[in-house]
Amino acid sequence: MNQLEKYGVTQRFINEATLYPEYSLARIISQHKGMYRIITSEGERFAEISGKFSYEVDALSHYPAVGDFVMVTISNANSPSIIHAVLTRKSVFQRTALGLKNQTQIIATNIDIVFICMSLNQNYNLSRLERYLAIAWDSGAKPVIILTKSDLCQNTPEILGEIESVALGCDVILTSSFDAQTVKELYSFLKKGITASFIGSSGVGKSTLINILAEKEFLATNEIDQYDKGRHTTTGREMLLLPNGAIVIDTPGMRELGVPHGDLGTTFLDIEELAKHCKFRDCSHTNEPGCAVQNAILSGQMDERRLQNYNKLKREAKYEGLSSRKIEEEKVTEMFSEFGGIKNAKRYLKNHKKHNNLH
Ligand SMILES: Nc1nc2c(ncn2[C@@H]2O[C@H](COP(=O)(O)OP(=O)(O)OP(=O)(O)O)[C@@H](O)[C@H]2O)c(=O)[nH]1
Ligand SMILES: [Zn+2]
């Protein structure tokens with residue numbers, strides 16, 4: 001079988017690839033400082049982007065990322081293959097780039113299913129789950145909730161009830177590493193050729209799950225690897241193949257995904273639906289008369305905590321916007337320092353601000 005077929009290529013990508021008859025289709029399996037590892041029809045290769053690509057690329061998010069299908073010229077194993085184009089992404093996990101607040105950085109792409117992992121002991125937290133759901137809905141991947149360490153939980157039915165109130169139609173699976181059968185339940189989602197990823201706080205048991213699915217120690221789990229934060233000691237890979245042909249993307253970036261530019265509208269569909277019935281269109285759902293959201297809370301239909309988290313995430317989203325404006329100012333300073341120096345830049349900003357204040 002063609003190597004690439006093992007790595008989740010679908011007809012959709014094969015079709016798009018025909019637009020580039022001079023190049024070959026490949027998939028990015030890892031990325032490190034501008035160097036990529038790719039799977040091609042001829043096996044694994046190192047790769048870098050072409051000169052033309054790097055000249056024309058105008059946003060961080062347009063660079064290839066783990067999971068991308070790309071069009072390449074395949075070199076022999078000793079020299080880098082050349083990446084010419086990135087095919088349309090089916091799903092995208094992203095976050096605001098460190099140090100560059102107004103640019104998004106792509107963490108991983110073309111993930112079909114994202115398992116949101118939360119452990120049933122101290123890590124259990126509905127607001128965090130909502131946060132992860134927001135990331136998932138925003139990405140285009142299908143979220144499935146995994147509640148790990150069920151062996152440590154005494155009041156599972158109660159918690160399941162709470163989770164279902166925020167999960168809105170997502171599947172929820174209970175697992176325990178002491179019962180491999182519970183983990184194998186994930187195979188109803190992890191079919192051959194499906195690309196999946198696991199997100200959730202550190203220590204909830206993501207590596208443990210992947211190792212059980214892989215039927216080998218793919219990843220170091222916390223007990224063996226308590227001090228050495230380096231992972232993937234066995235494989236060095238960010239994309240793993242499970243025995244049944246499913247693909248797992250496990251990059252450090254996916255593990256660190258925390259605060260999303262989440263799709264609040266989907267995660268909090270119930271609140272947004274209720275809000276349509278508030279008396280005032282700009283209702284803040286705090287103490288306005290005729291507030292449908294408050295009424296739902298009063299009648300016990302909705303949990304007050306859920307509204308609080310909704311408001312909190314909304315505030316964060318707004319704050320993101322503000323801070324990016326500040327970053328914009330810094331960028332202008334930098335730009336002007338090239339010709340004319342910092343003084344000119346400051347003057348420019350001052351005038352600019354004055355000008356803005358007039359509006
Ligand atoms: N009791 C119990 N412990 C578990 C279970 N799953 C994992 N653990 C333990 O939880 C700890 C953390 O597990 P990991 O699999 O390393 O967690 P992780 O989510 O991969 O953590 P990071 O790599 O930091 O993101 C280890 O000591 C595991 O043995 C479970 O189902 N039940
Ligand atoms: Zn309201």
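Because the structure is predicted, anything quoted here is derived from the model rather than measured.
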Determine whether Ser165 and Asp303 make a side-chain contact, defined as any pair of heavy atoms from C-beta on separated by less than 4.5 Å.
no

Is it true that, when you exclude Phe46 itself, more than 12 heavy atoms of the residues, nucleotides or ligands shown sit nearer than 6.0 Å to its CZ?
no

Ile38 side, atom CD1; Ser81 side, atom OG - distance, nearest 0.5 Å
4.5 Å

Between Ser61 and Gln94, do the side chains contain a donor N or O and an acceptor N or O under 3.5 Å apart?
no

Check whether the side chains of Glu272 and Tyr310 place a donor and an acceptor atom closer than 3.5 Å, and report yes or no.
yes

Please tell me whether Ser127 and Arg305 have a donor and an acceptor in their side chains that are separated by less than 3.5 angstrom.
yes

Using the test ring pair (Phe, Tyr, Trp, His ring centres under 6.0 Å), find all partners of Tyr63 that sit at least two apart in sequence or belong to another chain.
none

Arg306 bridged to Asp270 by N-O distance under 4.0 Å
yes

Compare every heavy atom of Ala47 with every heavy atom of Met35, then report the nearest pair and how far apart it is.
SD-O, 3.5 Å

How long is the span from the CD atom in Glu130 to the CD1 atom in Ile116, to the nearest 0.5 Å?
11.0 Å

Would a 4.5 Å heavy-atom cut-off, applied to side chains only, mark Ser139 and Ile111 as touching?
no

Arg89 backbone acceptor or donor facing Asn110 side chain under 3.5 Å:
no

Run the side-chain contact (heavy atoms from CB on, under 4.5 Å) check on Ile297 and His285 step by step: do they pass?
CA-CA 10 Å; Ile297 291 172; His285 320 308; over 6 Å; no

Any salt bridge between Arg37 and Glu44, counting N to O under 4.0 Å?
yes

Phe115 vs Phe189 aromatic rings, parallel, tilted or perpendicular, using cut-offs 30° and 60°?
perpendicular

Within a strict 4.5 Å, meaning less than it, do heavy atoms of the Leu186 and Phe198 side chains meet?
yes

Using a 3.5 Å distance criterion without hydrogens, assess whether the side chain of Ser50 forms a donor-acceptor pair with backbone atoms of Ile82.
no

Could you walk me through whether Leu241 and Ile247 pass side-chain contact (heavy atoms from CB on, under 4.5 Å), step by step?
CA-CA 5 Å; Leu241 293 184; Ile247 299 134; 3.6 Å; yes

Within a radius of less than 6.0 Å around CD of Glu56, do more than 12 heavy atoms belonging to other residues, nucleotides or ligands occur?
yes

Leu25 side chain reached by Leu87 side chain, heavy atoms, under 4.5 Å
yes

Heavy-atom check, side chain of Arg95 versus side chain of Ile107, under 4.5 Å
yes

